[in-house]
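First the structure, in the form of structure tokens, and then the observations on it.
Along the sequence shown, residues carry numbers from 1. We use all heavy atoms of the structure for the numbers below, so side chains are in, but hydrogens, waters and symmetry mates are not.
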Amino acid sequence: LGMFSELKFLVPWGHVAAKAWGHSEGHPVLCLHGWLDNANTFDKLIPLLPRGCYYVAMDFSGHGLSSHRPAGCPYHFLDYVIDVRRVAAALQWRRFTLMGHSMGNFSFSCCFISYQFCFLYPEMVDKLILLESLGFLLAPEDTEAWLKSKRRVIDRLLSLEAKQQTPKARSPEAALQRLLEANSHLTAEGGAILLQRGTTETPAG
């Protein structure tokens with residue numbers, strides 16, 4: 001397991017980079033590095049782990065060889081959870097082992113990200129391995145509401161990205177009608193004023 005290959009997964013702002021050890025037919029293991037680290041965190045560990053697995057260590061956005069998010073965009077822990085979901089989808093992994101490293105700063109701990117992912121997508125994780133971990137802190141009465149809202153946000157975002165449809169071109173009249181249908185409080189005059197600045201004219205409409 002000393003040899004590795006480099007991987008890249010396309011995301012809307014660039015790519016997420018990763019290193020992979022073993023054969024792709026092996027049992028999938030996704031490795032998450034810690035705070036301000038990168039995939040090289042696992043260079044000394046992976047060769048000591050059982051053979052027969054396919055280990056993929058990703059660089060989170062803004063770390064290692066992965067693209068930085070656009071200027072002005074913050075790095076929230078849920079964004080890292082979405083990165084994990086994107087990579088799993090790109091690998092076409094429906095169920096895998098998740099290994100997270102680092103206690104680090106709690107809000108950005110990748111063990112915390114591992115907890116969050118398992119909590120949101122338990123059907124995708126067969127085992128969870130935590131290195132230098134803090135516990136997952138969430139009051140029991142908040143669990144269900146948190147789970148539903150965050151999973152809905154992630155699933156909707158990834159669904160919209162997967163479609164990547166070219167915006168429809170409409171006539172000015174059709175655009176105004178669409179705007180009024182979506183905003184029942186608007187008058188036709190108010191909608192027309194908003195469309196002056198809220199639309200772009202193209203040859204198609």
Side-chain angles (χ1 to χ4, degrees), residues 4-22 24 28-46 54-125 128-134 136-138 146-147 149-165:
F4 64 89
S5 58
E6 292 284 352
L7 305 175
K8 278 188 178 181
F9 307 103
L10 295 180
V11 293
W13 58 92
H15 68 270
V16 169
K19 300 175 71 169
W21 292 261
S24 58
V29 180
L30 187 58
C31 308
L32 309 182
H33 65 75
W35 174 236
L36 296 181
D37 294 342
N38 56 58
N40 279 6
T41 290
F42 298 97
D43 277 6
K44 298 294 186 180
L45 176 62
I46 298 296
Y54 184 48
Y55 300 95
V56 175
M58 57 184 284
D59 291 325
F60 281 112
S61 296
H63 296 71
L65 301 181
S66 289
S67 302
H68 289 262
R69 295 186 186 278
C73 293
Y75 291 79
H76 292 303
F77 77 87
L78 193 61
D79 296 321
Y80 292 122
V81 174
I82 298 172
D83 283 351
V84 175
R85 187 69 181 81
R86 285 189 175 102
V87 169
L91 289 165
Q92 298 183 328
W93 286 0
R94 304 180 88 177
R95 192 162 175 82
F96 55 93
T97 296
L98 194 57
M99 178 163 61
H101 169 254
S102 174
M103 181 168 61
N105 177 310
F106 181 72
S107 296
F108 297 94
S109 163
C110 290
C111 278
F112 186 58
I113 294 165
S114 300
Y115 279 121
Q116 299 285 316
F117 186 88
C118 289
F119 190 49
L120 284 163
Y121 298 99
E123 73 279 6
M124 296 185 70
V125 181
L128 175 62
I129 302 168
L130 301 173
L131 311 174
E132 299 182 287
S133 168
L134 282 175
F136 177 59
L137 306 178
L138 190 64
W146 186 94
L147 175 61
S149 66
K150 295 299 185 286
R151 184 158 174 160
R152 190 184 307 118
V153 167
I154 294 173
D155 290 349
R156 177 155 176 75
L157 173 64
L158 297 182
S159 174
L160 289 172
E161 287 179 4
K163 291 178 182 175
Q164 290 187 333
Q165 296 176 339

pair [X]-[Y]: side-chain heavy atoms closer than 4.5 Å:
X	Y	value
L78	I154	yes
M124	F117	yes
S114	L130	yes
V87	W93	no
D79	V81	no

What distance separates [X] [atom1] from [Y] [atom2], expressed to the nearest 0.5 Å?
X	Y	atom1	atom2	value
E123	L120	CD	CG	9.5 Å
F96	Y121	CZ	OH	10.5 Å
M58	D83	CE	CG	5.0 Å

- Message: Check this for me: Q92, atom CD, are more than 12 non-hydrogen atoms of other residues, nucleotides or ligands nearer than 6.0 Å?
- Response: no
Taking all non-hydrogen atoms of both residues into account, name the closest pair between [X] and [Y] and its distance.
X	Y	value
Y54	W21	CD1-O, 3.3 Å
L32	F42	O-CZ, 3.4 Å
S66	A17	OG-N, 2.8 Å
P122	R151	CD-NH1, 4.2 Å
H33	N38	CB-O, 3.3 Å
S67	G14	OG-CA, 3.5 Å

- Query: Among T97, L98, I46, which one satisfies side-chain contact (heavy atoms from CB on, under 4.5 Å) with V29?
  - Reply: T97
- If only atom types and distance count, is the side chain of D59 paired as donor or acceptor with the main-chain N or O of A39 below 3.5 Å? yes
- Message: Whether the side chain of S61 engages the backbone of R69 through a donor-acceptor N/O pair (distance < 3.5 Å, no angle test) should be reported.
- Response: no
- Geometric cation-pi criterion R86 and F9, 6.0 Å radius, 45° cone: no
- Is the shortest distance from a Lys or Arg side-chain nitrogen in K19 or D43 to a carboxylate oxygen in the other one below 4.0 Å? yes
- Message: side-chain contact (heavy atoms from CB on, under 4.5 Å), that's the test. Do F60 and V84 meet it? Break it down for me.
- Response: CA-CA 8 Å; F60 281 112; V84 175; 3.9 Å; yes
- Are a donor atom and an acceptor atom from the side chains of T41 and H101 found within less than 3.5 Å of each other? no
- CA sep, side-chain torsions, deciding dist, call: L65, E6, side-chain contact (heavy atoms from CB on, under 4.5 Å): CA-CA 10 Å; L65 301 181; E6 292 284 352; 4.2 Å; yes
